[in-house]
Amino acid sequence: MATLKLGVFASHGGSNLQAVIDGCKNKIFDGKVCVVISNNLKSYALERAKNENITCFHISSKEYPEQEKLDEAIYNALKGSSVEIIVLAGYMKKLGDIILDEYKGKILNIHPALLPKYGGKGMYGDFVHEAVLKNGEKKTGVTVHLVDEEYDTGKIINQCEVEVKEGDTVETLSKRVLEREHSFYVETLKMISEDKIKL
Ligand code: GRF
């Protein structure tokens with residue numbers, strides 16, 4: 001299969017973005033991050049993109065209050081960089097219909113739990129790990145899934161388990177899961193690039 005042309009969306013720290021960039025640079029898989037998009041001007045993801053000389057855009061509903069205009073701006077940024085696959089990495093906004101239609105089946109998201117458990121609206125970041133600990137789960141995990149119009153409901157394409165250890169706190173658990181996310185997103189993209197997972 002040809003080089004995966006990726007557009008990565010991130011709202012915060014962008015550590016998953018960095019893992020994907022490094023996976024491309026180190027030739028773990030055949031891919032290229034063509035553009036980075038963030039809705040948050042202060043997102044460190046934008047700094048990471050600049051440090052790597054990757055085209056990046058801050059596109060938010062503050063400048064584009066109308067969903068259609070926002071979508072158009074995102075669409076133009078993606079097409080301008082020839083993006084074929086969208087990789088959501090801690091992107092805190094829902095995508096609009098134009099993007100969902102144009103990239104149907106080609107939008108990935110990573111979630112820090114074993115979906116369909118611990119997903120849906122409000123289940124993000126530490127809320128996920130808090131709920132996992134509260135329920136006394138012995139294992140949690142990481143899920144990569146396709147994105148549809150709802151939160152965390154798209155088809156699961158890859159999943160791995162992460163142990164919940166005795167005495168874990170939200171902090172220790174989230175750190176363990178996030179570390180696994182980094183390698184797992186790259187492993188999943190490698191499988192896609194080798195046609196072992198078909199989008
Ligand atoms: C990750 O836990 C990811 O699963 C979730 O948001 C977090 C993003 O972290 N969707 P980072 O910005 O990649 O560091």
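We number each residue from 1, following the sequence as shown.
Residue-environment remark: CD (E63) exceeds the threshold of 12 foreign heavy atoms within 6.0 Å. More than 12 non-hydrogen atoms from other residues, nucleotides or ligands lie less than 6.0 angstrom from NZ of K79. Annotation: Q67, atom CD; neighbour count of heavy atoms from other residues, nucleotides and ligands within 6.0 Å is above 12.
Using a cutoff of 4.0 Å between basic side-chain nitrogens and carboxylate oxygens, R48 and E52 are not scored as salt-bridged. Using a cutoff of 4.0 Å between basic side-chain nitrogens and carboxylate oxygens, K134 and E130 are not scored as salt-bridged. Note on K117 versus E137: salt bridge recorded, some NZ/NE/NH1/NH2 to OD/OE distance being below 4.0 Å. By the 4.0 Å N-to-carboxylate-O rule, R180 lies too far from E163 to be salt-bridged with it.
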In sequence, state the C-alpha distance, the side-chain angles, and the governing distance for K32 and L4, and then conclude on side chain to side chain contact (heavy atoms under 4.5 Å, CB included).
CA-CA 6 Å; K32 180 174 187 251; L4 301 181; over 6 Å; no

Test side chain to side chain contact (heavy atoms under 4.5 Å, CB included) applied to Y91 and N109, step by step:
CA-CA 9 Å; Y91 186 63; N109 184 41; over 6 Å; no

Given the rule in the side chain to side chain contact (heavy atoms under 4.5 Å, CB included) test, do V142 and I110 qualify, once you have shown the distances and angles that lead to the verdict?
CA-CA 7 Å; V142 177; I110 191 159; 3.6 Å; yes

Dump the intermediate steps for side chain to side chain contact (heavy atoms under 4.5 Å, CB included) on L6 and V83, then the final yes or no.
CA-CA 5 Å; L6 310 174; V83 168; 6.0 Å; no

Show, in sequence, the C-alpha distance, side-chain angles and deciding distance for S15 and H182, and conclude whether the side-chain hydrogen bond (donor to acceptor under 3.5 Å, both in side chains) test is met.
CA-CA 7 Å; S15 66; H182 297 157; 2.8 Å; yes

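Taking NE2 of H12 as the start and OH of Y44 as the end, the distance is 16.0 Å to the nearest 0.5 Å. One finds the NZ atom of K196 at 7.0 Å from the CE atom of M191 (value rounded to the nearest 0.5 Å). Taking CG of D97 as the reference point, atom CD of E149 lies at 7.5 Å (rounded to 0.5 Å). Atom-to-atom distance recorded for K27:NZ and K190:NZ is 12.5 Å, nearest 0.5 angstrom. One finds the CG atom of N16 at 11.0 Å from the CG atom of L88 (value rounded to the nearest 0.5 Å). Considering CG of L108 and CD1 of I85, their distance stands at 6.5 Å, rounded to 0.5 Å.
Residues S174 and D126 are in side-chain contact: their nearest non-hydrogen atoms beyond the backbone lie under 4.5 Å apart. Side-chain atoms of T188 and I197, non-hydrogen and from C-beta on, do get closer than 4.5 Å to each other. Residues V20 and L189 have side chains in contact (heavy-atom distance under 4.5 Å, counting atoms from C-beta outward). Side-chain contact between L173 and L133 is present, with at least one heavy-atom pair separated by less than 4.5 Å. Two residues are said to be in side-chain contact when any heavy atoms from C-beta on lie closer than 4.5 Å; K93 and S60 fail this criterion. At least one side-chain heavy atom of L114 sits less than 4.5 Å from a side-chain heavy atom of Q159. The side-chain heavy atoms of I157 and I192, taken from C-beta on, include a pair separated by under 4.5 Å. Contact annotation: the side chain of F9 approaches that of I74 to within less than 4.5 Å [non-hydrogen atoms, C-beta and beyond].
Each of K138, R176, K175 was scored for a salt bridge (Lys or Arg N to Asp or Glu O under 4.0 Å) with D168, with one residue passing: R176. Only one option out of L199, V147, L146 pairs with K155 in a side-chain contact (heavy atoms from CB on, under 4.5 Å); it is L146. For the pairing with Y118, the side-chain hydrogen bond (donor to acceptor under 3.5 Å, both in side chains) check across N135, D152, T143 returns one residue only, N135.
Checking side-chain atoms of K69 against main-chain N and O of E66 turns up no donor-acceptor pair under 3.5 Å. Side-chain N or O atoms of N26 include none that pairs as donor or acceptor with a backbone N or O of I28 at under 3.5 Å. Looking at S43, its side chain does come within 3.5 Å of a backbone N or O of A45 through a donor-acceptor pair. Under the 3.5 Å distance criterion, the side-chain polar atoms of T169 are matched with a main-chain donor or acceptor of T172. Checking side-chain atoms of D71 against main-chain N and O of I98 turns up a donor-acceptor pair under 3.5 Å.
In this structure, a donor-acceptor pair under 3.5 Å is present between the side chains of N39 and S11. Checking D30 against T3 by side-chain atom types alone, a donor-acceptor pair falls below 3.5 Å. Inspection of the Q18 and D22 side chains reveals an N or O donor paired with an N or O acceptor under 3.5 Å.
In this structure, I156 shares a hydrophobic cluster with L115, the cluster being traced through Ile, Leu, Val, Met, Phe, Trp and Tyr side chains under 4.5 angstrom apart.
The cluster map of Ile, Leu, Val, Met, Phe, Trp and Tyr, joined by side-chain heavy atoms under 4.5 Å apart, puts I37 and M92 in different clusters. V36 and F57 are assigned to two separate hydrophobic clusters, defined by single-linkage of ILVMFWY side chains at heavy-atom distances under 4.5 Å. The hydrophobic cluster containing Y103 also contains V35, counting ILVMFWY residues as joined when their side-chain heavy atoms lie under 4.5 angstrom apart, directly or transitively. Taking hydrophobic clusters as Ile, Leu, Val, Met, Phe, Trp and Tyr residues chained together by side-chain heavy-atom distances below 4.5 Å, V87 shares a cluster with V177.
Minimum heavy-atom separation, A77 to I59: CB-CD1, 4.0 Å. Between C24 and F29, the shortest heavy-atom distance links the atoms SG-CZ, 3.5 Å. Taking all atoms of both residues into account, the shortest heavy-atom contact from L17 to A89 is N-CB, 4.2 Å.
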